[in-house]
Amino acid sequence: MDSAAGRMEVLARQLALQPTSGSGAGWDTRALQELLEHDNHETRQAMKDLMDSDLFAQRYNISLEEERRLAFERLKVICHSGLVSIRDFRTNALNIFAAHEITAFADVSCATKMTVHFNLFGGTVLKLGTKPHHDAMLDGIDRLDPTGCFALTELGFGNNAVEMQTTATLDLDRDEFVLNTPTTLAQKYWITNSAVDAKWAVVFAQLIIKGKGYGVHGFLTRIRDEGMRPMPHVRIEDMGHKMGTNGVDNGKLWFDGTRVPRGALLNASSTVDRDGTFRSPVAKPRDRFLKVADQLLSGRICIASMMNSGSKVALTVALRYADSRLCVGPTGKSDTAIGHYQLQQNALVPLLAQTICLNFGLSYVKDRWVPVSGFMPLDGSASPDVMKEVIMLVCAIKPMCAWNLQETATTCRERCGGQGYLSCNRFGHLVGFAHAGMTAEGDNRVLMQKVAKELLSCTSQPAVRARMQAGQRAPQPLASAASSLRNSDFLLQLLVAREGRCLSLLTAALAASGVHPSKEEAFDIWMKQQSDLVQATALAYGQREVVAASMEAVRGAPPPLRRVLAPLVVLYALRCLQGDLAWLLTEDLVPCPLAKALPDVVRSLVHHISPDALQIVDAFGIPAHLLGPLAADWERYNEVDNKGEVIGVAWQ
């Protein structure tokens with residue numbers, strides 16, 4: 001093939017890559033998009049249309065100040081559009097998550113600022129505040145005037161925030177609380193929006209009345225005046241440049257005797273009378289802390305939503321580039337797209353399957369969270385067992401989506417070669433974003449400890465006991481190894497058995513120290529002896545839940561989509577098992593013939609799915625203007641001296 005013909009074929013491929021509302025390969029792209037989006041389709045499209053402007057065009061060689069300004073201006077446009085409201089938590093909470101997903105397509109820094117302003121700050125004011133707080137703040141929160149922040153984490157107290165040192169001491173004479181940062185370790189740290197934009201903060205502090213502590217509570221605190229100057233006795237420090245999301249203005253906050261009125265206490269669940277009498281229906285200080293930090297739960301769903309959007313961007317760019325980049329073929333000429341080769345397919349298609357299944361798993365988690373969110377009228381009717389299950393689901397899905405973005409963005413960057421290293425093709429920002437997601441709203445590994453701990457407390461529940469019982473023996477394979485490994489029901493049985501075996505082993509490890517181990521003994525086993533098993537148990541739980549949710553989604557899909565999605569679910573389930581294959585063999589949960597056949601079945605599925613991969617990423621519904629040149633006409637992009645920027649350069 002001569003060079004002119006090669007370029008024509010590339011152009012034809014690029015034209016074919018544009019999203020369509022019709023069907024290809026016997027199934028409808030739009031139908032799959034609606035299934036993946038799950039909810040609020042009109043809002044999602046309206047947000048994409050809103051972002052089709054120069055303001056949302058990607059910019060790279062800019063200063064830290066300009067990057068922050070862009071993120072803020074973009075968020076302001078979104079807020080002023082009326083497409084998302086803090087009151088959606090009460091009427092349509094899924095719309096909040098949808099807004100995060102779409103915003104992450106465009107600007108991960110803007111999405112991060114959104115989640116702190118709307119979910120952490122606004123959601124906490126809505127849930128923990130009462131009518132005076134709502135009347136004063138909610139309309140302004142919708143308009144981003146004022147911008148808010150969430151001052152929970154301290155330099156020395158992150159995952160153990162219940163032990164924070166910031167204090168709020170009641171001054172009875174002046175009817176005020178006095179906020180104080182007593183040590184360097186007590187400074188509020190990594191506070192998104194605080195370095196530049198926020199006027200208000202929900203500040204968490206140890207409540208002290210007449211020398212007695214009542215645990216951590218939230219206080220609505222003004223940190224800047226209308227001229228954006230720090231309020232008296234408030235110190236604000238800028239944390240500066242980071243390895244990613246530099247449009248986010250992270251800061252440090254100090255309170256040196258800062259005074260706030262008694263009414264600043266967010267008092268939906270705890271009140272302090274004029275005479276200093278403390279009242280709360282929640283008896284224990286630790287339980288009160290869990291109540292006041294409750295928005296971290298929905299925050300984890302927001303982060304998972306943004307992480308999954310990042311994975312979709314990376315896969316769309318990489319798969320479209322793979323189908324248009326010609327390399328050496330059997331004749332020695334550059335006449336074969338790299339996407340036709342097994343190397344490329346084996347790297348990208350399993351990640352596509354993983355992202356699709358995490359999408360279904362995340363949709364399931366959202367649906368489980370909404371009825372028990374604390375915003376709906378019937379929230380109080382949820383049983384403790386249901387609440388515990390929702391907590392486990394949320395604490396599992398956030399780490400899984402963040403780890404997936406880290407792996408997906410890194411792999412896609414590598415598979416796009418040198419062009420993938422250009423900032424304009426989005427991978428660099430996505431890698432940095434993944435690392436932010438792995439830490440924010442709870443370190444991934446610590447959250448997985450939380451999952452395992454909660455799961456361990458559920459062993460008396462019939463469903464959990466049944467899974468533990470299933471883990472005592474290997475599932476019975478079907479007629480052949482290949483047929484077993486292509487059967488989603490059998491694979492789910494294997495995942496159930498893996499989870500049950502892990503949980504039984506963890507239970508046995510704790511029991512080995514005696515019927516009633518001391519706190520110190522149990523702590524040593526958990527933290528110093530069985531950490532790997534703790535993590536494995538939590539991951540086994542999360543992956544089993546995701547596969548089960550994906551299978552349910554496939555069963556409810558139209559038959560043409562079922563034929564596309566079913567192999568993706570099987571491939572993801574096999575990938576989960578493949579990561580633990582040696583352990584499954586040593587535990588006699590998988591026989592040798594099955595283990596030996598697994599890699600061939602994976603390769604066969606990848607080969608089968610690959611022809612549909614481009615249409616599948618079309619169903620992610622990401623507009624061309626929010627993607628980089630590699631996802632479009634990258635040859636045209638390189639006809640001019642573009643300086644690595646996309647503004648003013650023709651490439652779509």
Side-chain angles (χ1 to χ4, degrees), residues 116 119-130 133 148-170 177-183 185-191 201-209 211-221 253 255 260 262 264-272 278-301 369 372-375 379-380 382 384 387-388 390-392 394-395 398 439-443 446-447 449-451 453-454 457 519 523:
V116 171
N119 176 69
L120 292 181
F121 174 73
T124 299
V125 171
L126 181 64
K127 183 180 288 185
L128 298 184
T130 51
H133 306 111
C149 61
F150 186 79
L152 176 69
T153 299
E154 296 182 0
L155 176 60
F157 303 90
N159 291 304
N160 197 25
V162 69
E163 296 294 324
M164 69 175 57
Q165 294 180 345
T166 300
T167 58
T169 304
L170 181 63
F177 290 108
V178 183
L179 301 179
N180 191 51
T181 304
T183 69
L185 292 178
Q187 64 183 283
K188 297 299 181 179
Y189 204 71
W190 278 118
I191 310 305
V202 173
V203 178
F204 292 88
Q206 302 284 357
L207 173 61
I208 299 174
I209 303 172
K212 181 180 178 180
Y214 290 88
V216 175
H217 287 73
F219 299 83
L220 188 59
T221 304
L253 299 177
F255 302 97
V260 297
R262 182 167 52 89
L265 172 68
L266 297 175
N267 61 339
S269 59
S270 296
T271 59
V272 176
F278 176 82
R279 306 176 191 277
S280 177
V282 186
K284 297 180 180 179
R286 183 168 185 85
D287 291 340
R288 289 198 289 269
F289 170 75
L290 295 176
K291 195 85 172 174
V292 301
D294 190 55
Q295 278 307 104
L296 292 175
L297 208 59
S298 55
R300 288 162 192 152
I301 301 177
W369 175 83
V372 301
S373 64
F375 292 107
D379 285 352
M387 278 302 307
K388 191 172 290 188
V390 171
I391 288 170
M392 289 190 293
V394 173
C395 290
K398 194 278 276 191
T439 300
E441 324 293 49
D443 176 277
V446 175
L447 287 181
Q449 284 187 332
K450 171 75 169 172
V451 172
K453 182 180 178 182
E454 297 292 347
S457 71
K519 278 189 174 182
F523 183 86

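Just so it is clear, the model here is predicted, and its values are computed rather than measured.
- Checked by atom type and distance alone, the side chain of D443 pairs as donor or acceptor with a backbone atom of V446 at under 3.5 Å.
- In this structure a side-chain-to-backbone donor-acceptor pair under 3.5 Å is missing from T124 to G122.
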- Item | Derivation and outcome, ring-ring contact (aromatic ring centres under 6.0 Å, His included), residues H217 and F278 | CA-CA 12 Å; H217 287 73; F278 176 82; 5.6 Å; yes
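- Ring centers of F204 and F219: at least 6.0 Å apart, outside the cut-off.
- To the nearest 0.5 Å, atom OG1 of residue T271 and atom CG of residue L266 are 13.0 Å apart.
- R262 places no side-chain N or O within donor-acceptor distance of the main-chain N or O of F177, the cut-off being under 3.5 Å.
- Between D294 and S373, the shortest heavy-atom contact is OD2-O, 3.8 Å.
- Between the side chains of N119 and S298, at least one donor-acceptor pair of N or O atoms lies under 3.5 Å.
- Counting all heavy atoms, side chain and backbone alike, L152 lies closest to L296 at CD2-CD1, 3.7 Å.
- When each of Q187, E163, K188 is paired with E154, the side-chain contact (heavy atoms from CB on, under 4.5 Å) condition holds for K188 and for no other.
- Atom CG of L265 and atom OG1 of T221 lie 10.0 Å apart (nearest 0.5 Å).
- Atom NZ of K388 has more than 12 heavy atoms from other residues, nucleotides or ligands within 6.0 Å.
- In terms of modelled atom types and a separation under 3.5 Å, the side chain of S270 and the main chain of S280 share no donor-acceptor contact.
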Using the rule given for side-chain contact (heavy atoms from CB on, under 4.5 Å), can you reason through V203 versus F255, listing the C-alpha separation, both sets of side-chain angles and the distance that settles it, and then say yes or no?
CA-CA 10 Å; V203 178; F255 302 97; 3.5 Å; yes
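- Although no hydrogens or angles enter the test, the distance criterion places no donor-acceptor pair under 3.5 Å between the side chain of T167 and the main chain of T169.
- From N180, atom CG reaches atom OG1 of T166 across 8.0 Å, with rounding to the nearest 0.5 Å.
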Test log, rule ring-ring contact (aromatic ring centres under 6.0 Å, His included), inputs F157 and Y189: CA-CA 9 Å; F157 303 90; Y189 204 71; over 10 Å; no
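- Between V394 and L297, the shortest heavy-atom distance links the atoms CG1-O, 3.2 Å.
- Here the straight-line distance linking atom CG of L155 with atom OG1 of T181 works out to 11.5 Å at 0.5 Å rounding.
- The closest donor-acceptor contact from the side chain of R288 to the backbone of Y214 lies under 3.5 Å.
- More than 12 heavy atoms of other residues, nucleotides or ligands shown are found within 6.0 angstrom of NZ on K127.
- Looking only at distances, no side-chain donor or acceptor of K291 sits under 3.5 Å from a matching main-chain atom of L128.
- Checking side-chain atoms of T130 against main-chain N and O of A268 turns up no donor-acceptor pair under 3.5 Å.
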